There are 2 protein chains.
Amino acid sequence: MSNKKVLVQARGITRSKERIREENELIILIAAEKVFAKHGLKGSTTKQIADMAKLPKSNIHYYFHTKLNLYRCVLESILVDWMRAADTFNKFDEPREALKYYVDAKMNLSRTRPFGSKVWANEIISGAPEMEEVLSSRLKKWVDTCVSSINRWIELKKIVNVGDAHTLLYMIWATTQHYADFDYQVMILNNGKKLTDSEFEEKKQQVIDLVLRSVGLNP
Amino acid sequence: MSNKKVLVQARGITRSKERIREENELIILIAAEKVFAKHGLKGSTTKQIADMAKLPKSNIHYYFHTKLNLYRCVLESILVDWMRAADTFNKFDEPREALKYYVDAKMNLSRTRPFGSKVWANEIISGAPEMEEVLSSRLKKWVDTCVSSINRWIELKKIVNVGDAHTLLYMIWATTQHYADFDYQVMILNNGKKLTDSEFEEKKQQVIDLVLRSVGLNP
DNA sequence: AAAATTTTTGACCATTTGGTCAGGTTATAT
DNA sequence: ATATAACCTGACCAAATGGTCAAAAATTTT
């Protein structure tokens with residue numbers, strides 16, 4: 001019996017069944033994201049996830065059936081946040097605004113959801129066995145519209161001709177995600193201390209400036 | 001009995017013992033690098049590595065004793081190449097040259113040794129349990145000298161003031177390694193086709209130009 | 001050519017792992 | 001209040017895994 005449940009019952013309150021499912025699925029998803037981030041799909045064990053969630057292992061299987069299914073659910077839940085950040089790119093006509101807000105959104109995501117970024121990174125590094133379809137359909141489509149925007153900016157001479165627009169996009173992805181995926185390395189090179197919020201804000205602004213200058217815009 | 005051995009013996013030639021060890025260790029290291037790149041340390045099995053090397057599992061243990069030791073050897077062997085590329089940065093006084101040749105070297109490494117880059121990425125993502133010391137000693141020292149160079153360029157007004165020099169360094173690392181670590185994603189977004197050599201050369205030049213412009217240099 | 005050394009490998013083992021299941025508990029509908 | 005449905009979990013299992021070992025085969029040394 002969980003501590004939470006004991007507390008709740010001591011007050012004579014009962015959790016509704018719907019709430020129970022909702023709560024536990026969220027607890028497990030959050031725990032799984034951390035464990036998958038650190039060890040990848042194959043390297044993570046359901047026992048580790050259960051311990052992280054402070055639930056018995058059987059409970060994980062009760063809610064998500066298999067480890068692979070839980071993994072897919074984690075990826076899916078990350079995708080939601082990811083696509084929301086992606087939207088910002090097409091909200092602005094001017095490259096200066098679009099790039100600035102997109103980099104800002106991506107950096108914030110790296111700060112607030114580093115484990116999610118790591119799970120994605122692991123998935124892609126290992127050949128995207130579970131995300132192949134998402135990549136070649138949803139992501140491809142989104143990238144194509146971005147590429148069009150960038151190419152239009154180039155035609156209108158609003159930014160420098162970068163050659164292939166993908167190269168710019170990859171630079172933005174890689175640079176912003178670096179602060180999530182390689183946060184441990186960043187910490188070590190920051191004299192062993194995690195970046196403070198204000199240090200992170202500084203870095204964010206610097207990244208924005210680097211990106212703007214890289215396409216010939218004066219920040 | 002391996003095919004190779006049969007061939008060799010059919011010609012009445014015997015391999016020297018030293019050569020045997022050298023050869024097999026290399027075969028295993030190359031196989032292990034591929035498997036570790038795809039599944040990480042915990043997710044890779046000695047059986048997978050053995051199959052990839054086309055050797056019996058016992059043979060892996062004969063040469064490297066444990067999986068962890070083999071993993072460390074793989075990391076060590078990657079580090080050699082990695083540090084060689086790093087040297088190019090300090091070979092030039094002018095930022096234009098230094099940045100150009102460093103990005104060039106890093107991009108070439110991503111092209112020729114993608115699996116090594118992935119193993120490193122996995123190691124850092126999972127908190128660098130085996131490479132902590134290397135990171136905080138060798139890498140830290142190298143980064144410090146780079147940061148000094150960059151800061152000097154800024155003082156001499158040879159490049160724009162980028163704020164923290166680390167930010168620039170991270171952008172270069174992230175962007176160049178993206179072509180190794182996320183090669184699968186790059187392929188999908190390149191209409192499912194691997195980048196050809198000439199396409200890769202184009203990308204490389206575009207990355208160099210982006211980096212140079214990002215610090216205010218006209219490529 | 002015989003002894004010593006190194007390499008090779010199948011058989012084996014203890015442990016770990018993902019997953020099942022029966023039986024108990026808790027909440028909800030009637 | 002009782003029946004039904006949902007939730008919970010310890011005990012269990014078959015398969016996979018890292019690693020061992022003894023004995024055979026190949027090579028080098030004497």
Side-chain angles (χ1 to χ4, degrees), chain A residues 1-28 31-32 35-36 38-74 130, chain B residues 1-28 31-32 35-36 38-74 130:
Chain A
M1 196 182 280
S2 75
N3 292 335
K4 189 177 41 196
K5 217 189 301 176
V6 171
L7 270 173
V8 168
Q9 289 184 333
R11 300 197 206 163
I13 304 162
T14 56
R15 294 189 296 171
S16 82
K17 288 283 186 191
E18 275 179 36
R19 250 226 147 60
I20 289 172
R21 177 153 220 119
E22 219 170 295
E23 268 182 32
N24 283 343
E25 282 183 355
L26 190 64
I27 287 170
I28 294 168
V35 176
F36 284 137
K38 189 151 193 166
H39 304 292
L41 169 58
K42 297 183 74 173
S44 301
T45 71
T46 52
K47 178 68 161 48
Q48 284 176 306
I49 295 168
D51 288 348
M52 182 74 76
K54 291 177 185 168
L55 288 172
K57 187 167 68 110
S58 321
N59 220 316
I60 310 296
H61 285 100
Y62 174 69
Y63 283 108
F64 289 94
H65 308 290
T66 67
K67 185 170 80 159
L68 182 59
N69 183 53
L70 172 54
Y71 178 71
R72 289 193 180 124
C73 290
V74 169
E130 303 303 325
Chain B
M1 197 182 281
S2 74
N3 292 334
K4 189 176 40 190
K5 217 189 301 177
V6 171
L7 270 173
V8 168
Q9 289 182 334
R11 299 197 206 160
I13 302 164
T14 57
R15 294 187 297 170
S16 85
K17 286 284 186 189
E18 276 178 36
R19 246 220 152 65
I20 289 172
R21 178 155 217 114
E22 219 171 298
E23 269 183 30
N24 282 343
E25 282 182 355
L26 190 63
I27 288 170
I28 293 168
V35 176
F36 284 137
K38 191 151 191 165
H39 303 293
L41 170 57
K42 297 183 74 171
S44 301
T45 71
T46 52
K47 178 67 161 48
Q48 283 176 305
I49 295 168
D51 289 348
M52 181 74 75
K54 289 177 185 170
L55 287 171
K57 186 166 68 108
S58 324
N59 221 316
I60 310 296
H61 285 102
Y62 173 69
Y63 283 109
F64 289 93
H65 308 290
T66 67
K67 185 171 80 159
L68 182 59
N69 183 53
L70 172 55
Y71 178 71
R72 290 194 179 122
C73 290
V74 169
E130 304 302 324

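Computed from a predicted structure; not experimentally measured. Protein chains get the first letters and strands the later ones, always in sequence-line order, with residue 1 at the start of each. These numbers come from the heavy atoms of this one structure, side chains and all, not from hydrogens, waters or symmetry mates.
Look at CD1 on B:I60: it is 12 Å from C1' on C:dT8, rounded to the nearest Å. Atom pair B:H39:NE2 and D:dA16:P shows a separation of 15 Å (rounding to whole Å applied). Counting to the nearest Å, the P atom of D:dC7 and the CD1 atom of A:I27 are 14 Å from each other. Atom CD of B:E22 is separated from atom P of C:dT7 by 12 Å (rounded to the nearest Å). Between A:E23 atom CD and C:dA27 atom P there is a gap of 12 Å when expressed in whole angstrom units. One can place OH of A:Y71 at 17 Å from C1' of C:dG18, the figure rounded to the nearest angstrom. Between A:L55 atom CG and D:dG10 atom C1' there is a gap of 15 Å when expressed in whole angstrom units. If you take CG of A:N69 and P of C:dG18, they are 15 Å apart, rounded to a whole angstrom.
Taking five base pairs at each end of the helix from C:dA1-D:dT30 to C:dT30-D:dA1 and finding the rotation axis that steps the C1' atoms of four pairs onto the next four gives two axes whose angle is 10°, to the nearest 10°.
Counting heavy atoms of neighbouring residues, nucleotides and ligands inside a 6.0 Å radius, atom NZ of A:K67 exceeds 12 of them.
Shown here are the ring-ring contact (aromatic ring centres under 6.0 Å, His included) partners of B:Y71, two or more places apart in sequence or in another chain: B:F36.
The phosphate of D:dC8 (OP1 or OP2) has a side-chain N or O of A:N24 nearer than 4.0 angstrom. A close approach under 4.0 Å does occur between a side-chain nitrogen or oxygen of A:Y62 and OP1 or OP2 of D:dC7. OP1 or OP2 of D:dC7 has at least one side-chain nitrogen or oxygen of A:R21 nearer than 4.0 Å.
With rounding to the nearest 0.5 Å, the separation of NZ in A:K42 from CD in B:Q48 is 4.0 Å. The distance from the OG1 atom of B:T45 to the NZ atom of B:K57 is 8.5 Å, given to the nearest 0.5 Å. To the nearest 0.5 Å, the span separating NE2 on A:H39 from CD1 on A:I49 amounts to 9.5 Å. How far CG of B:N69 is from NE2 of B:H61: 10.5 Å, rounded to the nearest 0.5 Å. Between atom CG of residue A:L68 and atom CD of residue A:E130 there is a gap of 4.5 Å, rounded to the nearest 0.5 Å.
Counting non-hydrogen atoms under 4.0 angstrom, A:Y63 reaches the backbone sugars and phosphates but no base.
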Check the pair B:D51, B:K47 against side chain to side chain contact (heavy atoms under 4.5 Å, CB included), reporting the backbone distance first and the verdict last.
CA-CA 6 Å; B:D51 289 348; B:K47 178 67 161 48; 3.1 Å; yes

Run the side chain to side chain contact (heavy atoms under 4.5 Å, CB included) test on B:Y62 and B:R21 for me, step by step, so that the C-alpha distance in whole Å, both residues' side-chain angles and the decisive distance to 0.1 Å come before the verdict.
CA-CA 10 Å; B:Y62 173 69; B:R21 178 155 217 114; 4.0 Å; yes

Considering only nitrogen or oxygen atoms on both sides, find all protein atoms under 3.5 Å from nucleotides 17-21 of chain D and state each distance.
{"residue": "D:dG18", "atom": "OP1", "partner": "B:S44", "partner atom": "O", "Å": "3.1"}
{"residue": "D:dG18", "atom": "OP1", "partner": "B:K67", "partner atom": "NZ", "Å": "3.0"}
{"residue": "D:dG18", "atom": "OP2", "partner": "B:T46", "partner atom": "N", "Å": "2.9"}
{"residue": "D:dG18", "atom": "OP2", "partner": "B:T46", "partner atom": "OG1", "Å": "3.0"}
{"residue": "D:dG18", "atom": "N7", "partner": "B:K57", "partner atom": "NZ", "Å": "3.0"}
{"residue": "D:dG19", "atom": "OP2", "partner": "B:K67", "partner atom": "N", "Å": "2.8"}
{"residue": "D:dG19", "atom": "N7", "partner": "B:K57", "partner atom": "NZ", "Å": "2.9"}
{"residue": "D:dG19", "atom": "O6", "partner": "B:K57", "partner atom": "NZ", "Å": "2.8"}

